[in-house]
Amino acid sequence: MTGDRAIRCAASAVVMAVAVFAAIVSYSHIYDLGRAHGQAGTVARLLPLSVDGLIVAASLVMLLDARVGRQGPPLARVMLSLGVAATIAANVAYGSAYGLTGAIISAWPAVAFVGSAELMVGSIRRSRPAFAPHSAPPAVPVDACIVSESPPDRVSVPEPLRVRAEEAFAADLAAGQVPSIRVIRSRMRVGQPRAQQVRRHLASLGER
């Protein structure tokens, strides 16, 4: 593990831990505030999740759009702002009974949670490149398709060599036989690739 990677892993672990601690404290504050103002049971337990969970949901939506090269939807930005305002306001309201100092102390977990969530989302956004939009494959010209349908063997063997091969192996072709690559190399003094091309050309003549 390189030094940079170790630092990134340690930073991610610390940010995650701070986010969890702050979320637990913020959850407790909003839960107690809800119970003190007529919320009870399941409603009181889910109320903090609807506030802090909204921040995470909006941040992830904006992250997803950023990774594919799109601007985040306006609704995600609005909901993120509302979530941040709601969690800070709820925590401040919880501590306001203890004066200004109590309000500031109670608000800190909400600020720490929001900051940690944005740090994690920003780290993920920077750690991987955004996906490039898929582009349509280039159009293939019609002429290119027509050319590709023509027999490649006739084109790959030069004209003089085709004439020599047809004259040298006229008897074999008349008998319906195609000479082997070894025979072609020996009689025409060509290398293996050229001999293969010549043999395919001769075989195409025999198929006519």
Side-chain angles (χ1 to χ4, degrees), residues 1-140:
M1 180 179 292
T2 63
D4 291 342
R5 186 175 180 183
I7 293 174
R8 286 196 299 270
C9 292
S12 299
V14 172
V15 170
M16 178 68 72
V18 171
V20 172
F21 301 154
I24 292 174
V25 177
S26 178
Y27 179 95
S28 176
H29 288 174
I30 300 176
Y31 173 76
D32 290 343
L33 185 66
R35 285 180 58 87
H37 290 79
Q39 308 300 316
T42 303
V43 175
R45 286 188 288 270
L46 295 180
L47 179 62
L49 298 179
S50 68
V51 177
D52 292 337
L54 177 62
I55 299 173
V56 177
S59 298
L60 291 178
V61 170
M62 295 173 62
L63 170 63
L64 179 61
D65 285 336
R67 286 176 56 79
V68 296
R70 295 195 304 261
Q71 290 291 335
L75 181 59
R77 298 180 182 275
V78 172
M79 299 309 291
L80 177 61
S81 300
L82 289 177
V84 171
T87 189
I88 293 178
N91 281 271
V92 169
Y94 174 85
S96 61
Y98 304 96
L100 179 60
T101 302
I104 294 175
I105 293 175
S106 297
W108 177 250
V111 175
F113 173 76
V114 173
S116 299
E118 288 304 308
L119 284 174
M120 284 189 293
V121 171
S123 177
I124 296 173
R125 184 186 295 114
R126 293 188 298 270
S127 64
R128 296 181 181 179
F131 293 113
H134 294 291
S135 58
V140 179

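Note that this is a predicted model, so its numbers are computed, not measured.
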Which atom of [X] lies closest to which atom of [Y], heavy atoms considered:
X      : Y      : answer
Asn91  : Thr87  : ND2-O, 2.6 Å
Tyr94  : Ser106 : CD2-OG, 3.7 Å
Ala44  : Pro48  : O-CD, 3.1 Å
Ala58  : Ala76  : CB-O, 3.4 Å
Ser116 : Ala19  : CB-CB, 3.5 Å
Ala107 : Val92  : CB-CG2, 3.4 Å

Step-by-step side-chain contact (heavy atoms from CB on, under 4.5 Å) determination, Ser50 to Leu47: CA-CA 5 Å; Ser50 68; Leu47 179 62; 3.9 Å; yes

Pairwise distance [atom1]([X]) to [atom2]([Y]) - rounded to 0.5 angstrom:
X     : Y     : atom1 : atom2 : result
Tyr27 : Arg45 : OH    : CZ    : 7.0 Å
Leu49 : Ile30 : CG    : CD1   : 9.0 Å
Ser59 : Leu54 : OG    : CG    : 9.0 Å

Of Ile55, Val18, Val20, the residue whose pairing with Phe113 passes side chain to side chain contact (heavy atoms under 4.5 Å, CB included): Ile55

Pairs where residues 45-77 contributes a residue and the test ring pair (Phe, Tyr, Trp, His ring centres under 6.0 Å) is met, not counting sequence neighbours: none

Residue pairs passing the ring pair (Phe, Tyr, Trp, His ring centres under 6.0 Å) test where at least one lies in residues 57-78, sequence neighbours excluded: none

Under 3.5 Å donor-acceptor, Ser28 side chain and Val25 backbone: no

Those residues that, when tested against Thr101, pass side chain to side chain contact (heavy atoms under 4.5 Å, CB included) (two or more places apart): Ile105

